[in-house]
Number of protein chains: 4
Amino acid sequence: MDSIKPCVFIIDVDGVMTTGHFLYTAEGKVMKIFGPDDNDGLSLLKRDIEIRFITGDKKGFPITKKRIVDDMNFPLDVVSTIRRVDWIRGRYPLEKVIYMGDGIFDHYVMREVCYSIAPANADKLAKQHAHYVTERSGGDRAVAEACLHIMAKFFTPFNPSELPSAHGKLSGEWAV
Amino acid sequence: MDSIKPCVFIIDVDGVMTTGHFLYTAEGKVMKIFGPDDNDGLSLLKRDIEIRFITGDKKGFPITKKRIVDDMNFPLDVVSTIRRVDWIRGRYPLEKVIYMGDGIFDHYVMREVCYSIAPANADKLAKQHAHYVTERSGGDRAVAEACLHIMAKFFTPFNPSELPSAHGKLSGEWAV
Amino acid sequence: MDSIKPCVFIIDVDGVMTTGHFLYTAEGKVMKIFGPDDNDGLSLLKRDIEIRFITGDKKGFPITKKRIVDDMNFPLDVVSTIRRVDWIRGRYPLEKVIYMGDGIFDHYVMREVCYSIAPANADKLAKQHAHYVTERSGGDRAVAEACLHIMAKFFTPFNPSELPSAHGKLSGEWAV
Amino acid sequence: MDSIKPCVFIIDVDGVMTTGHFLYTAEGKVMKIFGPDDNDGLSLLKRDIEIRFITGDKKGFPITKKRIVDDMNFPLDVVSTIRRVDWIRGRYPLEKVIYMGDGIFDHYVMREVCYSIAPANADKLAKQHAHYVTERSGGDRAVAEACLHIMAKFFTPFNPSELPSAHGKLSGEWAV
């Protein structure tokens with residue numbers, strides 16, 4: 001466990017919480033593909049650290065908002081990748097920020113924050129700049145894996161023998 | 001063939017019968033991705049053992065119900081992963097239960113039942129706790145493979161030379 | 001090139017022309033995923049041999065028909081996998097039939113016909129019984145590859161230096 | 001850096017900008033799957049070279065047009081693969097054309113132009129004829145990778161340390 005305690009986990013949505021795909025009909029960008037376990041992993045980690053999402057996708061924002069805000073109850077802001085460092089600096093000390101992203105410009109953010117994570121299917125530059133690359137891809141448990149990794153590295157490791165409900169209210173995908 | 005005869009095969013739906021993906025529009029979780037052969041594999045196994053499904057996904061329940069109950073004619077219950085052991089114990093002797101699951105909390109169930117199976121793409125903990133990990137992934141024949149595995153291990157192995165209709169009515173995906 | 005000249009290429013649809021996935025909404029099986037190059041490969045092969053499709057999927061038949069019959073102009077019949085051998089025998093000499101399938105019961109057909117092909121992602125039994133397993137999967141050029149393989153093995157190999165239009169009307173995906 | 005300066009980058013859409021899949025309902029070809037970073041990679045490259053798209057897919061044209069023309073602001077023409085060389089020759093000197101394609105007939109174009117690129121998941125012939133095969137597949141950053149490759153080979157390599165906005169207006173997926 002490290003001595004530095006990060007205070008926020010900021011997560012890019014497309015390609016991290018999703019497979020990165022945009023499903024188009026003749027009407028436009030209508031669908032995105034989210035995956036299993038990420039919401040449950042976040043429900044474990046949120047006892048330890050603030051969690052919020054940012055997205056650069058304005059056209060797909062209603063889809064992203066439906067999943068992240070309405071169904072998962074996390075805050076979500078629209079921030080262009082190339083303006084993210086300034087946006088984050090205005091809200092948090094950069095040395096206490098964990099960032100997870102996958103895209104061609106996400107390394108601009110990764111090199112400024114305290115700790116950065118990329119999913120297995122991320123852009124090459126993003127993976128080169130990340131402190132940790134998950135074994136799983138976006139939309140295939142990458143965020144769940146990142147959550148357990150953050151718990152083990154900065155807080156208390158997840159104990160697989162203990163039912164999560166023992167720790168308080170669980171509010172993930174399958175919460176009661 | 002083992003001497004213990006399990007009496008029920010309980011199958012988690014998302015990530016096992018599906019790819020684990022949730023397809024979202026701005027209206028919410030609207031689509032799931034099921035795969036080939038699973039319904040046919042189950043139609044072979046159901047001569048030997050009771051088969052039922054459980055899901056923790058309340059928002060996606062109408063999609064799951066359409067496939068599992070309406071189109072495949074199997075029973076389906078909504079049970080949160082972290083309450084599954086109690087739910088199962090109230091209905092079956094745990095030492096006669098086979099469970100198949102893929103998620104971050106499914107090992108809580110796996111360690112209590114007689115025999116457990118995880119698909120190839122399951123969470124790491126689920127795969128570590130499973131007695132058998134299929135070569136195929138969820139939504140890509142994992143359940144069909146599990147069915148043939150259960151037949152070979154606990155009942156009579158599937159005989160590829162004999163037409164399944166010879167054994168009685170077949171009611172899988174392609175049934176007449 | 002072999003001396004036997006097959007007279008028909010019979011192709012199973014789901015998992016061969018598609019990825020095998022069934023996309024479900026709360027309304028049921030609404031979508032299937034077809035792939036690139038297959039229609040173009042078939043447009044080359046159809047000069048040499050009759051081509052037709054069979055499917056066991058009654059609930060998804062309108063989707064399959066739209067792609068195979070309306071958009072690609074090939075004949076399509078609904079025939080349960082376990083009745084396919086009889087159905088084929090009533091129409092063609094089995095020793096002149098090439099069959100391509102991917103499913104758990106397709107080996108019943110494969111062992112009776114002259115030549116059989118399975119896509120890379122097929123069921124294990126189907127691949128064990130196939131004379132040829134394509135490198136590509138269903139919905140990812142498996143049928144296009146099978147077409148070039150059949151041309152090379154039984155007819156005249158595709159000549160990559162010659163524009164296909166030189167041979168007559170092309171009617172594939174991208175036909176003019 | 002080579003001495004030859006190409007003047008246009010012509011990109012096939014299906015299987016290059018998309019996964020190659022056609023999602024069908026009973027109404028027909030209704031959806032295609034686009035991917036991350038490609039629009040951003042193109043926004044970097046377009047300072048150096050003209051960029052345009054061609055497609056052979058008439059039935060899926062409204063979907064393609066929505067993404068390429070309406071959302072990404074690039075020109076798009078319908079040109080059958082087997083007529084593409086003539087179409088290109090009528091507009092550009094072939095020795096100054098870079099072409100990216102993935103299909104069974106794309107090698108007819110590739111062998112005539114100055115430089116050709118195929119995505120990792122392309123047809124075997126296309127990959128054999130391409131000067132460069134991307135590590136990533138269509139709909140999974142293949143075009144973004146191609147853009148950085150073209151910049152490095154023919155123009156000025158992308159400098160990961162410099163914010164792209166420093167070079168002028170950025171108009172990719174996540175542009176402000």
Side-chain angles (χ1 to χ4, degrees), chain A residues 12-33 54-61 64 77-87 101-112 118-129 137-140, chain D residues 13 17-19 21 23 25 27-44 59-68 70-72 134-141 143-145 147-149 158-167 169-176:
Chain A
D12 180 42
V13 178
D14 289 282
V16 180
M17 288 294 291
T18 79
T19 59
H21 291 128
F22 306 119
L23 282 67
Y24 264 74
T25 65
E27 309 307 310
K29 199 188 276 182
V30 297
M31 222 181 261
K32 296 183 179 188
I33 306 179
I54 48 180
T55 179
D57 183 18
K58 284 187 287 288
K59 287 199 176 68
F61 184 76
T64 304
D77 287 276
V78 180
V79 189
S80 154
T81 304
I82 60 174
R83 293 190 180 175
R84 282 185 187 177
V85 175
D86 290 342
W87 186 91
D102 72 309
I104 195 175
F105 299 141
D106 274 316
H107 64 282
Y108 296 121
V109 185
M110 289 177 167
R111 65 185 183 189
E112 303 288 343
N121 63 322
D123 170 72
K124 193 183 278 188
L125 274 172
K127 290 202 281 188
Q128 282 165 2
H129 285 74
S137 292
D140 186 33
Chain D
V13 178
M17 287 293 291
T18 78
T19 59
H21 291 127
L23 281 68
T25 66
E27 309 306 311
K29 198 188 276 183
V30 297
M31 224 181 258
K32 296 183 179 188
I33 305 178
F34 293 85
D37 281 354
D38 290 341
N39 198 8
D40 288 314
L42 291 163
S43 75
L44 293 173
K59 286 199 176 67
F61 185 77
I63 309 168
T64 305
K65 177 178 171 293
K66 186 69 194 175
R67 172 69 180 165
I68 303 296
D70 299 358
D71 284 5
M72 290 174 48
T134 61
E135 290 173 33
R136 310 295 297 237
S137 292
D140 187 34
R141 308 183 201 271
V143 172
E145 183 185 338
C147 289
L148 297 200
H149 174 77
F158 172 59
N159 177 358
S161 316
E162 216 173 328
L163 260 180
S165 59
H167 298 278
K169 193 172 175 302
L170 185 73
S171 56
E173 196 77 35
W174 317 130
V176 194

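When reading the values below, keep in mind they use all heavy atoms of this one structure, side chains included, and skip hydrogens, waters and symmetry mates. Reminder, nothing fancy here: chain letters follow the sequence lines and each chain counts from 1.
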Tell me, for D/E135 versus chain A, whether the close heavy atoms (under 4.5 Å) come from the side chain, the backbone, both or neither.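 Looking at D/E135, just its side chain touches chain A.
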key: Proximity breakdown for D/S161 and chain A, heavy-atom pairs closer than 4.5 Å   =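 Backbone plus side chain of D/S161, per the 4.5 Å heavy-atom cut-off to chain A.
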Taking the side chain as every heavy atom from C-beta outward, state whether [X] and [Y] have any atom pair closer than 4.5 Å.
| X | Y | result |
| --- | --- | --- |
| A/Y24 | D/I68 | no |
| D/M31 | A/V30 | yes |
| D/H21 | A/L23 | no |
| D/R67 | A/K29 | yes |

Could you state the interatomic distance from [atom1] ([X]) to [atom2] ([Y]), rounded to the nearest 0.5 Å?
| X | Y | atom1 | atom2 | value |
| --- | --- | --- | --- | --- |
| A/F105 | D/L44 | CZ | CG | 4.0 Å |
| D/R141 | A/I104 | CZ | CD1 | 8.5 Å |
| A/D106 | D/D37 | CG | CG | 8.0 Å |
| D/D40 | A/D123 | CG | CG | 10.0 Å |

- Message: Once salt bridge (Lys or Arg N to Asp or Glu O under 4.0 Å) is applied, do any residues pair with D/K65, and if so which ones, sequence neighbours excluded?
- Response: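 Here the qualifying residues are D/D70.
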Quick one: salt bridge (Lys or Arg N to Asp or Glu O under 4.0 Å) partners of D/D140, sequence neighbours excluded?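 Expected list: D/R136.
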Exercise for review: Against chain D, work out which of A/K124, A/E27, A/R111 has the most heavy-atom pairs shorter than 4.5 Å and name it.
Suggested key: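 Sorted descending by pairs with chain D, the first entry is A/R111.
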Checklist entry - In terms of heavy-atom proximity below 4.5 Å to chain D, should A/L125 be classed as side chain, backbone, both, or neither? => result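 Answer is side chain: those atoms of A/L125 sit under 4.5 Å from chain D.
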